[in-house]
Amino acid sequence: MADALTPTKQQKFTFGLWTVGNIGRDPFGEPTRQGLNPAQIVDLLGQCEGTYGVNFHDNDLIPIDATPAQAAQIKKDFKKALRDNGLVVSMATTNLFSDPVFKDGAFTSNNASIRAYAVQKCMRAMELGAEMGAKMFVFWGGREGVESDATKCPVEAIKRFREAIDFLCEYSISQKFGYKFAFEAKPNEPRGHIYFAVTGSYLALIPTLAHPEMCGVNPEVAHEHMAGLNFVHQVAAALEQKKLFHIDLNDQEFGRYDQDFRFGSANPKHAFFLVKLLEDSGYSGARQFDAHAYRQSDYEDVKEFARGSMRTYMILKEKARRWNADKEIQGLLKQINVEEQLLSKLVRRFSPGNAKKLLNTELDRKRLAQAPLPYEKLDQLTMEVLMGIR
Ligand code: DIG
Ligand code: MN
Ligand code: MN
């Protein structure tokens, strides 16, 4: 029976093939799950009500050493599974991090031939994504970094990255793929230090690109948490610049390796404010769960991981609706936001006259400091909404 917590395609919930297809390998342990082929992964997602789409790295779909005949069969089976399950391909990306050739970076490699190979590999991945209908292309520079800064000039690395992106923007335009590019930051792992460590790094880069209008960001919860940052504020910066092109939802304990936990499973309060921001702002892009089930889970539990990710989002969406409708909370918001029309008008637009008026305005800092700020009450009410008693 569908209710307000039932996920629908309207939310554009998506999963990468590598997420529900994760086989449980970690740096200290072998796989705990049998691998599934792309069509089987799509069939699994088809059993998770509310799934809108699936995403892939080039080599999640077509193994790097597949023959043309094998590639053709895989694509045929994948397209059939998409049709059978009513799923779309929402985003495509390139694996520029697994193959040993990228051990010292892809776009920022010290070897010009490897840089060229990385661009070539992206071109082919863009073609594959376009064939499957993707209109968003993500770049996660997981190997773009150093262990020692003796090995690479960080300024040169930025120039190399920009050169590759400018070329690929032109390629997308020339092929009429219609792609938007979304850059995904991460501070470390698998490199000791990754360039463009946080979402703000990419927001600063985009205006310097040849095609900034095509480029935005794909922030990931776990990655900003790894940098010890408030993820909601990074997303707000992207939204405010109209550069939130995609988002990777998951969860993460602070100060740990990239855990890619089920959405909302570690920090429900942060997840609440994130969902509230996305919903209040009318974000219309895809919501990808870039996460994976615990290593202990079998595929029945992997489906529960996918269903739980979507259900938690829907629960927090309902909590945000209740918070916005709560009269006591809204009354406190009214109280703490003190307007003063004349002063706001003065400061909103500079003019010599406004500057003179402002300088001649008596502002009593001691009286201003007395304004009540019942933040404990407001946060307690918020927690009570979250804990389900409001
Ligand atoms: C990891 O968080 C990265 C890669 O999985 C992929 O390139 C990107 C897609 O969202 N996220
Ligand atoms: Mn991650
Ligand atoms: Mn990601």
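Just follow the structure's listing: the first ligand is 1, and inside any ligand the first atom is 1. Numbering of residues begins at 1 and proceeds along the displayed sequence.
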Original post:
List by chain and number: which residues place a heavy atom under 4.0 Å from ligand 1?
Top reply: W18, H57, M91, T93, V138, W140, E184, N218, E220, H223, D248, Q288, D290
Less than 4.5 Å apart, any side-chain heavy atom of [X] and any of [Y]?
{"X": "F231", "Y": "I247", "answer": "yes"}
{"X": "Y283", "Y": "K12", "answer": "no"}
{"X": "M136", "Y": "N218", "answer": "no"}

Original post:
Which residues and atoms, counting only protein N, O or S, are under 2.8 Å from the Mn ion (ligand 2)?
Top reply: E220 OE2, H223 NE2, D258 OD2, D260 OD1
Original post:
Does a donor on one side chain and an acceptor on the other come within less than 3.5 Å for T208 and R162?
Top reply: yes
Subject >> Near-ring test Y195/F161, centroid separation under 6.0 angstrom >> reply: no
Original post:
Looking at residues at least two apart in the chain, or sitting in another chain, which of them share a salt bridge (charged side-chain N to carboxylate O under 4.0 Å, His left out) with K345?
Top reply: none
Original post:
Quick one: ring-ring contact (aromatic ring centres under 6.0 Å, His included) pairs with a partner in residues 40-93, sequence neighbours left out?
Top reply: W18-H57, F56-F78, H57-F97
Subject >> E184 atom (N/O/S) at minimal separation from the Mn ion (ligand 3) >> reply: OE2
**OP:** Would you mind checking if K377 and E328 are paired as a salt bridge, meaning a charged N to carboxylate O distance below 4.0 Å?
**Re:** yes
Subject >> Ionic contact status for E156 with K159, cut-off 4.0 Å >> reply: no
Original post:
Do the rings of F261 and Y294 sit parallel, tilted or perpendicular, given the 30° and 60° boundaries?
Top reply: perpendicular
